[in-house]
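Quick caveat, the model's predicted, so the values are computed rather than measured. We name chains A, B, ... by the order of the sequence lines, and we start the count at 1 in each one.
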Amino acid sequence: MIAATPVAAQTQTTTATISANVGTLATLTLSSANVSFPDADPDAVPQVAALGGPLSITAKARATRLSQVLLTVQANGPLRSGLDTIAVSAITWTSTGAGFVAGTLSSTTDVLVGSWTGSGTRSGTQDLMFQNLWTYASGTYTATLTYTLSAP
Amino acid sequence: MTKAVWSAAAAAATVLFVASPVLAQSVDTKTLNVSATVSARAKLTLSAASVSFADADPDLTPSIAATPLTVDVKTRTGNAGNVTLTVLADGDLMSGSDPIAISNLTWTTGAGLSAGTMSKTAAVTLGSWTGSGNHNNMSQTYALANSWTYAVGSYAAVVTYTLTAP
């Protein structure tokens, strides 16, 4: 008779601590670095749409849980053509995409473009419009807008 | 055996996954260059395309007034651009071969325009402004000097209005 004595299985456990550092991060992408508004008859086209259509915006943020991710825009001053100026409030926009909002441009305060809660990738469009008035002096006007995405 | 050991270790590692929050705020900025083209433009609107004078007794009505015209001017020009509105007749008032000198046609105006006498040789200034803007609902009233010397007929001339915004 052969008896087989079972050998008790031996188990060894150990632990490994894995840490991942997930810091706040914000990445903003605009579909273009330039927007231009063509000349138009103020009576026929009181609001001039930007050439090329709406601006596509992608805002990627890793943020603290439940914190507010903000995308704002501010102009560096009025639209200028030499000494002639047009207030940047002549530029307004409508938006598509969850969290994106319509607004009126300012050169003195940040204006909200979009807001979201927590981390994520958000995409939308901003359709910029230029108020077209007879009272403007002729010229080619320029300004620079700064978009700021903050993830706290 | 070996498999069992490593399964347990993997389970422990899963439980101990730690994410360390970093509280610093992250910011990304992008700039967008905006340009808007505003070209010189001129738009002139008259309330009527024709003006007529009824027949009248020269003694009773030495000057025949027409229904006033309303003139709307819209211009975009340089900041110091000189906007002008002029009128010029294509000739005398004619009925067949009978003329009435176009200088018999005069006008008075409301605010914003200047009174004058029509000419067929030189444009006459009806209004002038500086810079861009709207000048609406200005009134111009033509009058025709009525004279016994005119030959009977139905007289006509064409007057061209020219609005210039440099």
Do any of residues 58-82 of chain B come closer than 4.5 Å to chain A, heavy atom to heavy atom, and if so which ones, in number order?
Lys74(B), Thr75(B), Arg76(B), Thr77(B), Gly78(B), Asn79(B)
Neighbour count >12 (heavy atoms, 6.0 Å) for atom NZ, Lys120(B)
no
Single-linkage hydrophobic cluster, 4.5 Å side-chain cutoff, Leu88(B) and Leu93(B) together:
no
Give a yes or no on whether the backbone of Val34(B) and the side-chain of Thr142(A) come within a donor-acceptor separation of less than 3.5 Å.
no
Testing the basics here: between Ala40(B) and Ser138(A), what is the closest heavy-atom pair and its distance to 0.1 Å?
N-CB, 3.7 Å
Are Leu105(B) and Val51(B) joined in one hydrophobic group, where the rule is that I, L, V, M, F, W and Y side chains link up if heavy atoms are under 4.5 Å apart?
yes
Counting only heavy atoms closer than 4.5 Å, note whether Ile86(A) contacts chain B via side chain, backbone, both or neither.
side chain
Under 4.5 Å between side-chain heavy atoms, counting indirect links through other Ile/Leu/Val/Met/Phe/Trp/Tyr residues: same cluster for Tyr136(A) and Trp134(A) or not?
no
Leu70(A) versus chain B, the contacting section by heavy-atom distance below 4.5 Å
neither
I need the residue from Ile91(A), Leu79(A), Asp43(A) with the largest number of non-hydrogen atom pairs under 4.5 Å to chain B.
Asp43(A)
Decide yes or no for Gln25(B) and Ser67(A): does some side-chain heavy atom of the first lie under 4.5 Å from some side-chain heavy atom of the second?
no
Considering non-hydrogen atoms only, spot the tightest contact between Asn34(A) and Leu32(B) and give its length.
N-CD1, 3.6 Å
Examine whether an atom of Leu128(A) lies under 4.5 Å from a heavy atom of chain B, and if so say whether it belongs to the side chain, the backbone or both; otherwise answer neither.
side chain
Do any N or O atoms from the side chain of Asp28(B) and from the backbone of Leu28(A) form a donor-acceptor pair under 3.5 angstrom?
yes
Evaluate the side-chain proximity of Thr29(A) to Lys30(B): yes if any heavy-atom separation is below 4.5 Å, no if none is.
no
Taking side chain as everything from C-beta outward and backbone as N, CA, C, O, which of these in Phe130(A) sits under 4.5 Å from a heavy atom of chain B? Side chain, backbone, both or neither.
side chain
Do Leu55(A) and Leu51(A) share a hydrophobic cluster (ILVMFWY, side-chain heavy atoms under 4.5 Å, transitive)?
no
Under 3.5 Å donor-acceptor, Ser26(B) side chain and Leu25(A) backbone
yes
Same cluster for Phe100(A) and Leu112(A) if Ile/Leu/Val/Met/Phe/Trp/Tyr side chains link at under 4.5 Å?
no
Could you check if a side-chain atom of Tyr141(A) sits within less than 4.5 angstrom of a side-chain atom of Val38(B), using non-hydrogen atoms only?
yes
Heaviest contributor of heavy-atom pairs below 4.5 Å to chain B, chosen from Asp41(A), Leu30(A), Val88(A), is Asp41(A)
Is atom CG of Asp55(B) surrounded by more than 12 heavy atoms (other residues, nucleotides or ligands) closer than 6.0 Å?
no
Looking only at non-hydrogen atoms, find the nearest pair between Pro42(A) and Arg41(B) and report the distance.
CD-CD, 4.1 Å
